[in-house]
Amino acid sequence: IQSSAKKQWSKKLLENKIGLKELIALKLYCDFDDLQREYRKCFRAPYNTNKERISSFYHWHNTLHQAFVNYNRIKSVKKYNVLFHGVSSIMNINEFNGQCFGPLSTTTDITVARSFAGKNGMIIVIKPIYDSNLQFKPLNIANLSEFPDEMEVMCFNQHYNISNIILSSGFDEDFTIYDQLYPSPSLNTTNNGQYGECDSDSEKIDPQDWWRISGNKKFVDDLKYLSECNHIIKNEQIIQLLYKFITDKKRSKFERYINKNILFILKSNNDNKRIDFHINDSCNSEQMKSAFTKYFSTMNVIFI
């Protein structure tokens with residue numbers, strides 16, 4: 001027996017020409033993990049050059065695409081401030097905003113993303129972009145799924161911003177903090193998934209823990225800046241932070257990840273393998289220049 005909410009949801013889809021064919025296509029995606037995994041490979045190298053693979057998923061892809069075209073016509077759909085995506089391995093990221101082509105599985109519950117990330121993975125906190133009617137809106141497919149507790153929200157050709165990265169180990173260590181920062185949507189809170197806005201009645205966060213977690217978030221913001229700076233670093237605060245970071249020998253696991261990602265970003269987004277530091281008087285020291293030259297030893301470091 002369907003709940004009244006599910007019946008209402010089904011009726012709205014049918015009214016907007018999301019019929020049996022589209023529902024079956026969505027159902028295949030959310031319930032058949034192996035099939036979904038093979039389909040998603042079509043959007044990344046080296047599988048995206050395999051014509052046989054791409055042709056085998058052609059009709060399914062077109063049906064999913066049409067489902068989102070029709071869903072996009074619905075005006076009164078829920079907008080998500082934040083979504084979570086679990087990745088089973090720690091990976092470097094060199095672009096923090098853009099478009100993810102094809103399907104992307106996300107959830108509104110960070111603990112679900114953590115279960116998909118595994119003990120050696122990470123959680124990517126995503127903010128969908130809703131700037132244009134031409135951009136598809138995330139579709140809640142929990143009502144279709146065999147596993148509604150996963151609170152799955154399916155994105156398709158989604159424009160996004162990455163607002164945070166959380167390692168699984170860090171999430172486990174500071175679970176009570178992240179549980180307050182990103183509370184479960186099933187709980188009656190006033191947070192609505194906004195980072196750093198806690199319910200006044202919730203457990204108080206220790207100031208030192210808050211400072212540490214906020215520092216991790218700041219590192220992610222700094223990675224965003226580096227990914228967009230086009231190898232020219234003018235921000236004095238970023239220069240000072242980079243200097244402090246690369247000269248600090250005691251690093252947490254998260255900081256070691258940041259360390260690798262800094263080098264990955266500046267190499268991936270830089271065809272000339274050059275970095276220009278615009279140094280002012282407060283940053284102008286031989287120690288700092290020596291540290292940067294050594295740290296970026298495989299690149300051409302210029303001080304201006």
Side-chain angles (χ1 to χ4, degrees), residues 1-74 77-80 83-89 91 99-118 121 123-124 126 128 134-160 185-186:
I1 300 174
Q2 286 190 341
S3 67
S4 58
K6 189 177 285 189
K7 286 179 179 178
Q8 209 170 26
W9 178 80
S10 301
K11 182 180 178 182
K12 183 178 285 188
L13 294 185
L14 287 170
E15 286 173 350
N16 288 274
K17 298 183 179 180
I18 299 177
L20 182 60
K21 184 169 68 171
E22 288 79 17
L23 290 174
I24 290 173
L26 291 166
K27 181 72 172 172
L28 283 171
Y29 180 85
C30 62
D31 284 357
F32 295 86
D33 290 345
D34 291 340
L35 185 62
Q36 175 202 120
R37 193 175 299 112
E38 293 303 316
Y39 167 48
R40 285 190 285 113
K41 286 180 181 178
C42 294
F43 298 91
R44 64 176 188 265
Y47 308 101
N48 57 355
T49 58
N50 186 327
K51 292 183 179 180
E52 184 178 357
R53 169 184 287 278
I54 292 172
S55 64
S56 65
F57 289 105
Y58 175 81
H59 293 290
W60 187 22
H61 171 76
N62 278 0
T63 305
L64 286 172
H65 184 272
Q66 190 59 48
F68 274 84
V69 168
N70 294 347
Y71 181 71
N72 224 41
R73 297 187 183 122
I74 304 174
V77 296
K78 181 174 180 178
K79 290 187 175 182
Y80 299 93
L83 294 168
F84 307 98
H85 178 65
V87 183
S88 60
S89 60
M91 55 186 286
Q99 184 177 13
C100 179
F101 290 99
L104 176 68
S105 295
T106 68
T107 175
T108 55
D109 192 332
I110 193 171
T111 58
V112 173
R114 165 62 186 87
S115 69
F116 280 96
I123 302 163
I124 301 176
I126 298 169
L134 299 175
Q135 296 170 5
F136 291 145
K137 303 163 187 171
L139 170 58
N140 185 342
I141 54 176
N143 286 327
L144 268 181
S145 176
E146 190 73 18
F147 312 100
D149 291 345
E150 291 180 356
M151 300 183 185
E152 184 172 2
V153 175
M154 182 179 175
C155 301
F156 199 88
N157 292 350
Q158 183 66 53
H159 292 260
Y160 66 90
S186 61

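Since this is a predicted model, take the numbers as computed values, not measurements. Note that these values count all heavy atoms, side chains included, but never hydrogens, waters or copies made by symmetry.
In terms of the side-chain contact (heavy atoms from CB on, under 4.5 Å) criterion, residue partners of Lys12 (sequence neighbours excluded) are, by chain and number, Asn16, Ile74, Ser76. By the salt bridge (charged side-chain N to carboxylate O under 4.0 Å, His left out) test, Asp31 is found to be paired with Lys27, residues two or more places apart in sequence or in another chain being considered. Legend: residues meeting side-chain contact (heavy atoms from CB on, under 4.5 Å) with Ser115, ordered by chain and number and at least two apart, are Val112. Residues meeting the salt bridge (charged side-chain N to carboxylate O under 4.0 Å, His left out) test with Arg44, sequence neighbours left out: none. Qualifying side-chain contact (heavy atoms from CB on, under 4.5 Å) partners for His159, counting only residues two or more places apart in sequence or in other chains: Gln99, Ile129, Gln135. Evaluation of the side-chain hydrogen bond (donor to acceptor under 3.5 Å, both in side chains) rule for His61 yields Tyr39 as partners, not counting sequence neighbours. With sequence neighbours excluded, no residue satisfies side-chain hydrogen bond (donor to acceptor under 3.5 Å, both in side chains) with Tyr71. Annotation: side-chain contact (heavy atoms from CB on, under 4.5 Å) contacts of Gln36 (sequence neighbours excluded): Tyr29, Asp33, Arg40, Ser105.
Using a distance-only test at 3.5 Å, with no hydrogens or angles considered, a donor-acceptor pair links the side chain of Asn157 to the main chain of Gly102. Using a distance-only test at 3.5 Å, with no hydrogens or angles considered, no donor-acceptor pair links the side chain of Gln158 to the main chain of Cys155.
Note that the CG atom of Leu26 and the CD atom of Glu152 stand 10.0 Å from one another [nearest 0.5 Å]. Distance check, rounded to the nearest 0.5 Å: CG of Asp109 to CG of Leu83 gives 11.5 Å. The distance from atom CG of Leu23 to atom CD1 of Ile141, rounded to the nearest 0.5 Å, is 11.0 Å. Atom CG of Leu64 is separated from atom CG of Leu28 by 8.5 Å, given to the nearest 0.5 angstrom. One distance of note links CZ of Phe147 with CG of Asp149; it measures 10.5 Å at 0.5 Å rounding. A distance of 11.0 Å separates CD1 in Ile126 from OG1 in Thr107, rounded to the nearest 0.5 Å.
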Show your reasoning for whether side-chain contact (heavy atoms from CB on, under 4.5 Å) applies to Phe116 and Ser88.
-> CA-CA 6 Å; Phe116 280 96; Ser88 60; over 6 Å; no

Evaluate side-chain contact (heavy atoms from CB on, under 4.5 Å) for His85 paired with Val87, printing each intermediate quantity in order.
-> CA-CA 7 Å; His85 178 65; Val87 183; 3.7 Å; yes

Could you give me the CA-CA distance, side-chain angles and deciding distance for Asn72 and Phe156, then say whether side-chain contact (heavy atoms from CB on, under 4.5 Å) is met?
-> CA-CA 11 Å; Asn72 224 41; Phe156 199 88; over 6 Å; no

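Using a 4.5 Å heavy-atom threshold, the side chains of Pro138 and Met154 count as separate. Tyr80 has its side chain within reach of Thr108: a pair of non-hydrogen atoms, C-beta onward, lies under 4.5 Å apart.
Ring centroids of Phe43 and Phe101 are separated by 6.0 Å or more, keeping the two rings apart.
For the residue pair Ala117 and Ile123, the shortest heavy atom distance occurs at CB-CG1, 4.4 Å. Looking at every heavy atom in both residues, Phe68 comes nearest to Lys137 through CE2-O, 3.6 Å. Listed here is the closest heavy atom pair of Phe57 and Cys42: CD1-SG, 3.5 Å. Counting all heavy atoms, side chain and backbone alike, Ser145 lies closest to Pro148 at O-CD, 3.6 Å. Heavy atoms only, all atoms of each residue included: Ala67 and Ile18 are closest at O-CD1, 3.6 Å.
Screening residues 49-60 for side-chain hydrogen bond (donor to acceptor under 3.5 Å, both in side chains) gives Glu38-Arg53, Tyr58-Asn62 as the qualifying pairs, with residues at least two apart or on separate chains.
The number of heavy-atom neighbours closer than 6.0 Å to CD of Gln8, taken from other residues, nucleotides and ligands shown, is 12 or below.
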